[in-house]
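I have placed the structure first, in the form of structure tokens, so that the comments after it can refer back to it.
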Amino acid sequence: MQITSVIDAAQKLPRAFYDRDPITVAGELLGKVLVHAVDAVPRVGRIVEVEAYLGPHDLAAHSSRGLTERTKVMFGPPGHAYVYLIYGLHCCMNVVTEREGQASAVLLRALEPVHNLDGRTQGPGLLCRAMGIDRKCNAHDLLSGDLYVAAPPLAAGAKAPVIVRRPRIGVDYAGHWARRLLRFYINGNPFISRP
DNA sequence: CTCCGGATTCGT
DNA sequence: CGAATCCGGAGT
């Protein structure tokens, strides 16, 4: 069966992948696949757009307000999902990066649908809705459950995608941090949330 | 306890 | 451009 073969061929990323600085992780997440099994049906999307949030010194990062009930997952060990509710309406998913205490993460902003995805996937809220990700997924270990990121099999002769770096979206309150080039996406991909 | 505003999306 | 809609975080 096609779906099973794709997932079997994919390789769940190890803890060490996430235990690096968020800029490196952000760039390398592009092209990986996000998988979430909902009612035993695996939903799969290719990550095409992300943003890096560097830590407490980054005024756009939630962790800049210190360790709180909401942000404690960001302060925890790498390879976990940080999922939060935004504007009372939508969920956003991050992967936690770096060692415990560093409080950095990468926000997943857009997916290219691969399997079992209905509706749009361009934008962090729409991505979570299509993947069936909500706050119950917060703090989920990406190494031990049915929500994870995997490396898809390398397509023969595939050329490396060109990665574009731009300022992050929706963080104008963060002063000069809003201008840092911490949004990454695959050049020309039609599933980017915004040009 | 009250109040404010958001790493968004949709419709006008 | 403004509404929707909830809750974490900060202040009283």
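Chain naming here is simple, since letters A, B, ... match the order of the sequence lines and numbering starts at 1 in each.
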Open item on the list: Rounded to whole Å, please give me the gap between CG in A/Asp172 and P in B/dG5.
Closed with: 16 Å
- [ ] When you get a sec, tell me which of B/dA7, C/dA10, B/dT9 is the closest nucleotide to the side chain of A/Met74?
- [x] B/dA7
Task: B/dA7 OP1/OP2 closer than 4.0 Å to side-chain N/O of A/Tyr82 - done: no
Task: A/His90 side chain near B/dT9 phosphate (N/O to OP1/OP2, under 4.0 Å) - done: no
- [ ] Using the six-membered ring of A/Tyr18, assess whether NZ or CZ of A/Arg20 lies under 6.0 Å from its centre and within 45 degrees of the ring axis.
- [x] no
Task: Residues A/Ser63, A/Thr71; criterion side chain to side chain donor-acceptor pair (under 3.5 Å); working and verdict - done: CA-CA 6 Å; A/Ser63 54; A/Thr71 62; over 6 Å; no
Task: A/Arg15 side chain vs A/Pro78 backbone, donor-acceptor pair below 3.5 Å - done: yes
Task: Pair assignment for C/dT5, Watson-Crick or G-U wobble, requiring both distances under 3.5 Å - done: none
Task: Note: A/Asp146-A/Arg43 ion pair, threshold 4.0 Å (strictly below) - done: no
Task: Pair partner, B/dA7 [Watson-Crick or wobble, under 3.5 Å] - done: none
- [ ] Using whole Å, report how far CD of A/Glu51 lies from C1' of B/dA7.
- [x] 6 Å
TODO: In whole angstrom, give the distance that lies between atom CZ of A/Arg65 and atom P of B/dC4.
DONE: 15 Å
- [ ] Look at all strands and tell whether A/Arg168 reaches a base, only sugar-phosphate, or nothing, counting heavy atoms closer than 4.0 Å.
- [x] nothing
TODO: Flag the pair A/Glu51 and A/Arg109 as a salt bridge only when some basic side-chain nitrogen lies within less than 4.0 angstrom of an acidic carboxylate oxygen.
DONE: yes
TODO: Check every strand shown and say whether A/Leu89 touches a base, only sugar-phosphate, or nothing at a heavy-atom separation below 4.0 Å.
DONE: base
Open item on the list: Just the rounded figure in Å: distance from C1' of C/dG8 to NZ of A/Lys72.
Closed with: 12 Å
- [ ] Could you check how far CZ of A/Arg70 sits from C1' of B/dC4, rounded to whole Å?
- [x] 13 Å
Open item on the list: Categorize A/Met93 for me: base, sugar-phosphate, or nothing, with a 4.0 angstrom heavy-atom threshold over every strand shown.
Closed with: nothing
Open item on the list: With the stacking rule set at 5.5 Å and 30°, tell me whether A/Tyr53 counts as stacking on B/dA7.
Closed with: yes
Open item on the list: How many whole angstroms separate atom OH of A/Tyr87 from atom C1' of C/dC6?
Closed with: 13 Å
Task: Any A/Arg120 side-chain nitrogen or oxygen under 4.0 Å from OP1 or OP2 of B/dC10 - done: yes
Open item on the list: Mind checking if A/Glu69 touches a base, just sugar-phosphate, or nothing, with heavy atoms under 4.0 Å?
Closed with: sugar-phosphate
- [ ] Take atom NE2 of A/His62 and atom P of C/dC7, then tell me their distance rounded to the nearest Å.
- [x] 16 Å
Task: Phosphate-side-chain proximity, A/Arg135 and C/dC6, N/O vs OP1/OP2 below 4.0 Å - done: no
Task: Between B/dT8 (P) and A/Leu107 (CG): distance, integer Å - done: 7 Å
